[in-house]
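Structure first, then comments.
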Number of protein chains: 2
Amino acid sequence: MDGTGWRPVKRTRTFEDVLAQIERRITEDGLTAGDRLPAERQLAEQLGVSRSSVREALRVLETLGVVSSQVGRGPDAGAVLTSRPDSALTDLLRLHLGLAGLEMREVIDARHMIEQWAAAHAASSGADTSALAAALAGMDGAKSAEEFVEHDTAFHCAIADASGNRFIAAIMRSLRDSMRKYSVEAVRRLGDTSVLRADHVRILEAVERGDAGEAVRAVSEHLAHAYPTLFR
Amino acid sequence: MDGTGWRPVKRTRTFEDVLAQIERRITEDGLTAGDRLPAERQLAEQLGVSRSSVREALRVLETLGVVSSQVGRGPDAGAVLTSRPDSALTDLLRLHLGLAGLEMREVIDARHMIEQWAAAHAASSGADTSALAAALAGMDGAKSAEEFVEHDTAFHCAIADASGNRFIAAIMRSLRDSMRKYSVEAVRRLGDTSVLRADHVRILEAVERGDAGEAVRAVSEHLAHAYPTLFR
DNA sequence: ACCAATGTATGGTCAGACCATACCTAACCA
DNA sequence: TGGTTAGGTATGGTCTGACCATACATTGGT
């Protein structure tokens, strides 16, 4: 027998077919966040596969932050389309950091890049800074390193949000989530947070003033203060 | 009965427990890419759950690019730990773009940010530029817009790779994958690619010379040429 | 008009079976 | 002895059918 051009009968797994079908439905039918998918049993019957395969496909979509499943009955039950890339990105980062596939240095460099970009864009677009001010106030009242980092994270994520780019903001949130423990440790090692507070005020004022260049410089120096060991 | 402190018997789904157990195993046992996980049936028995739940957990990990399953028997069969965040990021972006949860503008802004950062770092670290030169040569021989974009993507991803940050490089690859069709259309609309070629040469030379500032400017102007409608 | 009991569709889980795959082993033959 | 081949076996992939908990829907009674 000649082996030329032979294709195995089945090259993709069933749940991948289901995945492709659902994705096709999303794009062709113009489904958007909030719309409901058919129930698992219906979907299985429509596609001629078992419920297990449908479930595995839905699990993938849930992992990617595209659907959210609710039990019970009613308009909100079943698989609903969502758009929450945040948790997916967070899981992705956490696991790959755990596998030593990525190093903290790379994460912090990425954060540095994003913060500079976001601060510049927030400044030049005259974004709302009330969320930043609120987070700043929270940091002043913080009684522990954990609490401080919590509000610090809110402050920096608020900058990313203010940039208006949801994708970049999502990456920012995931980065901060992934390095939470690391940040707490850094704050503890630092002891005095007054330097960080002054940095935050400087960033906030630069953004409020619309001074993008100063905002970028302020962010850069702030990170150098927060993680002195990582910057030469 | 007092209701204080009552917790429902089950708050997390079984496969999420499995997920947590596997993740704990990875971190505590120091498992790393290349190591094997127990077989699905063994895992199910060890954790006292059904094979379906184990499979759903493994499906999640596979979606996140953390494990890769091989059928059959032998040392390479079963669920093997990997570290491939690229495809996960690509799927994430593609689906969320399809759901209109993200707009192309945000993707291109993110690309702009990454390319500037990567070009600057590649330049100042004196990275190897042979991959860039190869991609450049490929673009010269391109006979269609698709082929041109293919090598153009390789060129820009090579810059990200040269920056030495694998996380940022992974995002770059995903961004390019997600906007492939959009890029092809942009090249077609442009017609003449000689401007883009000159931009690439300018970027390559700046990186080779180690001139970070010039590299950033060259990247910025290149993107303005490639996507004129998106820059004011 | 309100409220309680019942019905029902949903996702979540389980058990058990069968298939295709690919390695492993032992029997077999030269 | 050495190579080949046939069977064994562990693996993931899929299917079926069942049962549970949940939460809305419906019905009936007050």
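From a predicted model like this one, the values you see are computed outputs, not experimental measurements. Residue numbering restarts at 1 for every chain, and letters A, B, ... go by the order of the sequence lines.
In this structure the side chain of A:Leu190 never reaches within 4.5 angstrom of the side chain of A:Tyr227, judged on heavy atoms.
Scanning atom types as modelled, no donor and acceptor separated by under 3.5 angstrom connect the side chain of B:Arg13 and the base of C:dG11.
Sparse packing is recorded around CD of B:Glu45, with 12 or fewer heavy atoms of other residues, nucleotides or ligands lying under 6.0 Å away. Summarising the local packing, CZ of A:Arg84 is surrounded by 12 or fewer heavy atoms from other residues, nucleotides or ligands at distances under 6.0 Å. Environment of CG in B:Asp76: sparse, with no more than 12 heavy atoms of neighbouring residues, nucleotides or ligands closer than 6.0 Å.
In this structure, B:Gln42 reaches the D:dT11 phosphate: one of its side-chain N or O atoms is under 4.0 Å from OP1 or OP2.
Aromatic rings from B:His156 and B:His200 are positioned such that their centres are separated by under 6.0 Å.
You'll find that the side chain of B:Ser69 is closest to D:dG12, out of C:dG11, D:dG12, D:dC24. The A:Arg41 side chain lies nearest to D:dC19 when the options are D:dC24, C:dC24, D:dC19.
Note on A:Ala39: only backbone sugar-phosphate atoms sit closer than 4.0 angstrom, heavy atoms only; bases stay farther off.
Atom P of nucleotide D:dG13 and atom CD of A:Glu16 are separated by 9 Å, given to the nearest angstrom. A straight line from CD of A:Glu40 to P of D:dT22 spans 17 Å, rounded to a whole angstrom. A:Arg73 has its CZ atom 8 Å from the P atom of C:dT10, to the nearest Å.
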(request) Could you go through the side-chain hydrogen bond (donor to acceptor under 3.5 Å, both in side chains) check for B:Arg94 and B:Ser178 one step at a time? (result) CA-CA 6 Å; B:Arg94 188 186 63 252; B:Ser178 306; over 6 Å; no

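Looking at which nucleotide of DNA chain D each of A:Phe15 and A:Gly74 is closest to, the 5′-most match is held by A:Phe15. Along DNA chain C, the nucleotide nearest A:Arg36 and the nucleotide nearest B:Val71 are compared for position; the residue whose nucleotide lies closer to the 5' end is A:Arg36.
A heavy-atom distance below 4.0 Å to DNA chain C is reached by these residues of residues 50-64 of chain A, ordered by number: A:Arg51, A:Arg55, A:Arg59.
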